[in-house]
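Numbers restart at 1 for each chain; the letters A, B, ... are given by sequence-line order, proteins then strands.
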Amino acid sequence: MISFQPTEEETSFIKVAKDFAKNRIRPAARTCEKQRAVDQKLGDEAAELGFLSLELPEDWEGLELPLLTQVQLMQALSYGDLDIIQGLQGAGDAASFFRLLRDNPVFKDKMVDLTSGATTVLIDLENNDELSENQLSLRHDHDGYILQGLSQPVRMASFADYALVAGKDSQGKNVIIWLDDSADWMVHQGDYRLGLVASGLGRFSFENVKVPLTHVLVEGTAADDILREARNRIRLLQAAKETGLMEAALDSATEYTAERKAFGREIAAFQGVSFRVASMAIETRIANHLVLEAAVKADNREPSAERLSLRALHRAHRSLRYVTDSAVQLLGGHGFVRDFPVEKWMRDAQAQVMLYGRENDLLVRSGEQLITGEEEVSVT
Amino acid sequence: MISFQPTEEETSFIKVAKDFAKNRIRPAARTCEKQRAVDQKLGDEAAELGFLSLELPEDWEGLELPLLTQVQLMQALSYGDLDIIQGLQGAGDAASFFRLLRDNPVFKDKMVDLTSGATTVLIDLENNDELSENQLSLRHDHDGYILQGLSQPVRMASFADYALVAGKDSQGKNVIIWLDDSADWMVHQGDYRLGLVASGLGRFSFENVKVPLTHVLVEGTAADDILREARNRIRLLQAAKETGLMEAALDSATEYTAERKAFGREIAAFQGVSFRVASMAIETRIANHLVLEAAVKADNREPSAERLSLRALHRAHRSLRYVTDSAVQLLGGHGFVRDFPVEKWMRDAQAQVMLYGRENDLLVRSGEQLITGEEEVSVT
Amino acid sequence: MISFELSDQQQQIKEMTHWFAENEIRPIAMEADKQEKVPDDWLDKVNKMGIHLNTSSFSGGGDKDSSGKKAKKEREGNRMGVLATEEMAWGDPAVTLSLPGAGLGGPPVESSGTPEQKERFLSIFKNDEPRWGAYALTEPDAGSDASAIRTTATKVDGGYILNGQKIFITNGACASWVVVFATVDASLGRSGQRAFVVEKGATGFSCSRLAEKMGLRANETAELVFEDCFVPQENLLGGEALYETSGSKPSGFQVAMKTFDSTRPIVAAMAIGIARAAYEYTLDIVKHDYPKQGDFFRMASELLGECEQDIAAARLLTWEAAWKADLGLANAKEAAMCKAHAGKTGLDICAKCLELLGPTGLDGHLVEKLYRDVKVFDIFEGTNEIQHLVIARRQYAPHGIRV
Amino acid sequence: MISFELSDQQQQIKEMTHWFAENEIRPIAMEADKQEKVPDDWLDKVNKMGIHLNTSSFSGGGDKDSSGKKAKKEREGNRMGVLATEEMAWGDPAVTLSLPGAGLGGPPVESSGTPEQKERFLSIFKNDEPRWGAYALTEPDAGSDASAIRTTATKVDGGYILNGQKIFITNGACASWVVVFATVDASLGRSGQRAFVVEKGATGFSCSRLAEKMGLRANETAELVFEDCFVPQENLLGGEALYETSGSKPSGFQVAMKTFDSTRPIVAAMAIGIARAAYEYTLDIVKHDYPKQGDFFRMASELLGECEQDIAAARLLTWEAAWKADLGLANAKEAAMCKAHAGKTGLDICAKCLELLGPTGLDGHLVEKLYRDVKVFDIFEGTNEIQHLVIARRQYAPHGIRV
């Protein structure tokens, strides 16, 4: 039966997350940005509350929640500050791979400690454009792989204990490898000013690093399936975070324009203002719903999950840019200075959409699947 | 010196055109639509005033005006009603070819009468998508060409005396041919309800029609140049017509919203209304300026003329859809019924953009030339 | 639990209405547009099948499903209504709007009529011959501003005398009765408004003209005139009691407004059905006729990707509004959101499909008709601007200001 | 005759400013953003070169070109101003705004100052050391609504006492003088407003804080405080005479407003310069590093095609506004149009370029800086919303209504 009602369990967990977002995360945002890292204590609290292990498997001490529940929690948390959420150390985007590869012998043999503070960085070669020089490449070598080149900027690079590299090798075969020796790489800290400054952005460089087969988690068609599913999950978790930021910007702009006066009345009384707030509200709601629907499909492992995750992330990107820009615009000059959070949110938003896939590309890929695949508009 | 001031000559000719548009064309629009053809008398008057021979060469009894002057006149005329302008019989889009091919021996030999009421239809194979079945094709035959298949819908098909077919043959070679025997083709009247209903829309069908070399105006690289230049000119004349319709819709919506009252005041007092009118005004002005600039380049036969004509027509299409839709929206229920002209204008606008090149395609083609060609933003 | 799966009942009505739309409605869509009329024999046939348009909760197949069921069962009439309406409009919106039934006149009678009135007006939709109800609010000088209506209702012995004019009335000429909004005293503003059910043939009630329109041509849009038209007391919707209960609060204006929260999702569902029809028609052509690589393929992927995304977005918003209504939750904001989004993107989607079809699309293709039809869905039942106002009003309500 | 060719003089200033932007400004752009400051020695160097920012008519190379030329020659100062400003901002907008000169304080002094004031305030910009002028209108509670300013000016013997606070003042702390708007009597509304030139070091005049900003970080944005600040009579802009001439008409408010028609095209030209810098930077990378076919090429063609089109559109609107100003024609509508379009599309263009650059664009690329810089161009000198209001007002003026 069509319903938009979270379960009671979800509702109470979401409340915890939203309170944490408002009372702990939001107030720490500027400081963490200045320090270019999330406050350790804040990270510990988040871990304590379980927010860093939502995606991890139960037998790895994770909560292993359905994606539907996780997206609602991620949205609530990101209402506080996206930068902080993206800078929380731990399994990060790699968590989805851990979930899907929990029984992989590589992990069994190595018994790496992933649940108490160690940080794993996901380097997805999909985000390598095959455009730039010296881009990171993975070459098959007779008994393993060779990693060579410079990755795109990724989150948490500055804090990396482990790295998970996933994507196509030079022959076009998918492979997922596990790196647990930080001597294998160098991290270029670079010059990041736009946004998500506390999230440890950086690029990995590898100089002909030999990866033995004992570090290969999976390759070939088996890797295809894992990669597809993990990417679907990551897209949705990221889109949910974006929705949380949208909500924050919407509320902030609503509040400001309800109080600020000009020409003798609250500026909300001008349709030039209030209609834009209404459009922001619509876009936020749409992004929310598209994420929820895709999460249900992903939980059910339906074939449409991939297309729906592309669709949800595309819309989240687009709406996020619109909503955060609108919030700055509605605050006028006050939107451009650091006295209010909206200027930071607009910067974080732009950094976020740059990190997680080109808007246009996500759209076209979802569209291609419509033409080559199923027929009906999928909402059922 | 940068200037937006028309010459005195232009100003007075534009005044004649605008008066004719307001006093003669506008009032006849609904009747012509019902008759599915432009009133003969109105056409005669337009011819009398010279409006049908602006592009034709002087030695063909045309006015042979610069494109810069013509676009201003076309804009003024279309302020009356685009459908009527598109339905005025005569040389139509073929006029640009006549201008460029005035000395062609085929015309010399045949001495066709083009300046007194005969109607020529341009069938440009560029508008053939290479997508549909039985599309019109031009095949080289040992001493001429074979025409076979069904054209896309074109203007004035129902009134055709002559046809000019231009585009690539099946080998990819450009060729322009002249057909002066209406027995060569059949016109499918079809079922046209959307807009430009008075413009004689129809499709030409040819059943293996043999075109002898005596009807080939030009082929190969010589045809490339003629085609490129003629298409640039046609794009700009069409874009100018679209700008005229935009102006009409803008004025109409402004007037209506200045008079109509709701909630105790003129609806123009609501920013939801007045800001949209302001955006319509901006778009109309932009379309106008891009056409003017491109026309200057085309008159000077500068290499950038092609890109600028693609750019101007792309923006005109986009703005036309926005402005005519907005006019309907601002009139509310009154915008949807035939008591006001805006519903017709929105339909005509949509038909127009469908006839003259896909918006997206025009944009991408202009963008490609930026990447593969010149560097600077061209406004100099 | 959040879910987007249809219940058995929902699935059933979706399938049934889709079948009907595909096999009965779509085949006559183009011809009805050309004739500017839905054929009488077709109407007679579907009426005998028991197919009606009821915008409060759709009833197909002749059975009433929203009343008298066993207690505790979750109401799902609004969700079923939007599901069914999307399918029907997918077949053709003008034909759908012309289906026999109470139409937009249904909700005010259902929500505000006395039991006697409900019985009297809603029971006439029988299989013997097609009948319609209608809803008359808009006037030449009162469009979006429903509080500005000027039609007067003068109390006389045994009833009221109406004088005034109404425009843009769907099925207004063929309707057996029309819910008419009028004011007993313009100086009272909204609280002076009353809703009446005026029956066909009433003296002084006539149709002065049928509107010619951009689209929805097969559906009748009437201009109605009331010249000293007597309406008996028992046709005052809700009876005098309704307007006396609590001073200024309930009024004809409230009757008019409260129906929007249930009709806007229905109107949104229609716009979605239209957009989906254009999208599927175009997708089909692209799939079968066009190349699967290269520039055109990429353009089609982009445009169709956007179309499908906006359809899904509009549909989810609409479902949410209907779900809230079924649960008895306030849904004015959601109803406005779905209407605003579906109305606007409906046109965008049709335009994108026309761009893909190219010039060929001008010649006898369904999509151009849908393009002409869909525009008004961003206008009637509250323009896009009014929807934005409603959303903004709800958005600012917690801050204690009224925009 | 309609023409888009530059005159010799226009071409010359464009080339000169471009040379300067490319060789002097651009090289320090990224570092100045990081330091949140334009280096003093650089400012000293360019000041010695005679490069100033003068927003009414740009003067480069130390020569004054807009005054005292032979009669009959068409004025072209505004066109030269927008051409030069676009080039400078292309180099870097924050550095450009930090250039010595009267800045936004210039236009009000030029348009409303007495000859003595013009001489006294505008002649200080000499080669010995860099000096600035500034313009202080906005207050914490008066942004778009300039008529609501609360800074008071109390008439005393020999002058006025100012009390109040101003925010978002470009070069407000380093300026040698600031044009300050204040009211002699708030109950008089706009006609009570006066413009004063407050000189650095005046007692009671201080900078309370420098704002930290999303972008334009290298440029100083000050918060100014006036606490019983005495301003001598001779610093009332235009003198008492200006405010007495015709009753309520001229006022400080008019002084503030009339400068917008010449400064808005300048601000638009800056936004265009920024957008063009992002576009050219990205085009260059796409040309040299990226494939010339396939999906990425098509996406790049589409996005860059849109960028270039909007840059050209904004530039043509800006030229038109400047051309009208040169001819002495009313240009408020055109000035608002170019500002609205350039401000909005400036951000769109930077965002599109960032999309093309992908994640790499986050790491030390100029475009992300330009993205942060450009946003405020849709806000200051009148927000996009205010521009729409100005355009609408002019659009409805012939119909006799004021919106």
Taking atom [atom1] of [X] and atom [atom2] of [Y], what is their separation to the nearest 0.5 Å?
X: B:Ile371; Y: D:Tyr290; atom1: CD1; atom2: OH; result: 11.0 Å
X: D:Tyr396; Y: B:Glu255; atom1: OH; atom2: CD; result: 11.0 Å
X: B:Glu9; Y: D:Met1; atom1: CD; atom2: CE; result: 11.0 Å
X: B:Thr257; Y: D:Gln395; atom1: OG1; atom2: CD; result: 8.5 Å
X: D:Ile401; Y: B:Ser274; atom1: CD1; atom2: OG; result: 9.0 Å

So which heavy atom on [X] is nearest to which on [Y], and how close?
X: D:Ala392; Y: B:Ala278; value: N-CB, 4.1 Å
X: D:Ala313; Y: B:Leu290; value: N-CD2, 4.3 Å
X: B:Leu370; Y: D:Tyr279; value: CD2-OH, 3.3 Å

- Query: Is the shortest heavy-atom distance from the side chain of D:Phe297 to the side chain of B:Val364 under 4.5 Å?
  - Reply: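 D:Phe297 does not reach B:Val364 side chain to side chain.
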Should we count [atom1] of [X] as having more than 12 external heavy atoms under 6.0 Å?
X: D:Lys344; atom1: NZ; answer: no
X: B:Lys261; atom1: NZ; answer: no
X: D:Asp8; atom1: CG; answer: no
X: B:Glu64; atom1: CD; answer: yes

Which one, [options], leads in non-hydrogen pairs under 4.5 Å with chain D?
options: B:Gly367, B:Ala312, B:Ser3; value: B:Ser3
options: B:Ala268, B:Ala287, B:Ala269, B:Ser279; value: B:Ala268
options: B:Phe4, B:Phe275, B:Phe270; value: B:Phe4
options: B:Val273, B:Leu68, B:Ile282, B:Thr7; value: B:Ile282

- Item | From B:Gln72, B:Gln5, B:His289, residue fulfilling side-chain contact (heavy atoms from CB on, under 4.5 Å) relative to D:Ile2 |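 For D:Ile2, the side-chain contact (heavy atoms from CB on, under 4.5 Å) test succeeds with only one of B:Gln72, B:Gln5, B:His289, which is B:Gln72.
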- Item | side-chain contact (heavy atoms from CB on, under 4.5 Å) partner of B:Ile2, chosen from D:Arg79, D:Glu5, D:Glu76 |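 One option only clears the test, and that one is D:Arg79.
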- Query: Is a salt bridge present between B:Arg285 and D:Glu334, judged by a nitrogen-to-oxygen distance below 4.0 Å?
  - Reply: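 Salt bridge present between B:Arg285 and D:Glu334.
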At a heavy-atom distance under 4.5 Å, which candidate from [options] has the highest pair count against chain B?
options: D:Glu302, D:Glu320, D:Gln387; value: D:Glu320
options: D:Leu327, D:Leu317, D:Leu83, D:Asp326; value: D:Leu317
options: D:Ile391, D:Val286, D:Leu303; value: D:Ile391
options: D:Arg402, D:Glu306, D:Lys292, D:Met299; value: D:Glu306

- Query: When you check the side-chain N and O atoms of D:His399 and B:Thr254, is any donor under 3.5 Å from an acceptor?
  - Reply: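 On atom types as modelled, these side chains do not qualify, holding no pair under 3.5 Å.
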- Classify the side-chain pair D:Gln309/B:Arg315 by whether it contains a donor and acceptor separated by less than 3.5 Å.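 There is such a pair (donor and acceptor under 3.5 Å, judged by atom type) between the side chains of D:Gln309 and B:Arg315.
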- Proximal component of D:Lys333, with respect to chain B [non-hydrogen, under 4.5 Å]: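 Side chain only.
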- Query: Where on D:Ala300 is there a heavy atom nearer than 4.5 Å to chain B: the side chain, the backbone, both, or neither?
  - Reply: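 Both backbone and side chain of D:Ala300 come within 4.5 Å of chain B.
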- Task: Please lay out, stage by stage, how D:Glu308 and B:Arg307 fare under the test salt bridge (charged side-chain N to carboxylate O under 4.0 Å, His left out).
- Result: CA-CA 11 Å; D:Glu308 195 265 356; B:Arg307 187 171 62 73; 3.1 Å; yes
- Without swapping roles, check the side chain of D:Lys287 against the backbone of B:Gly373 for a donor-acceptor pair under 3.5 Å.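 Pair found, side chain donor or acceptor close to backbone of B:Gly373.
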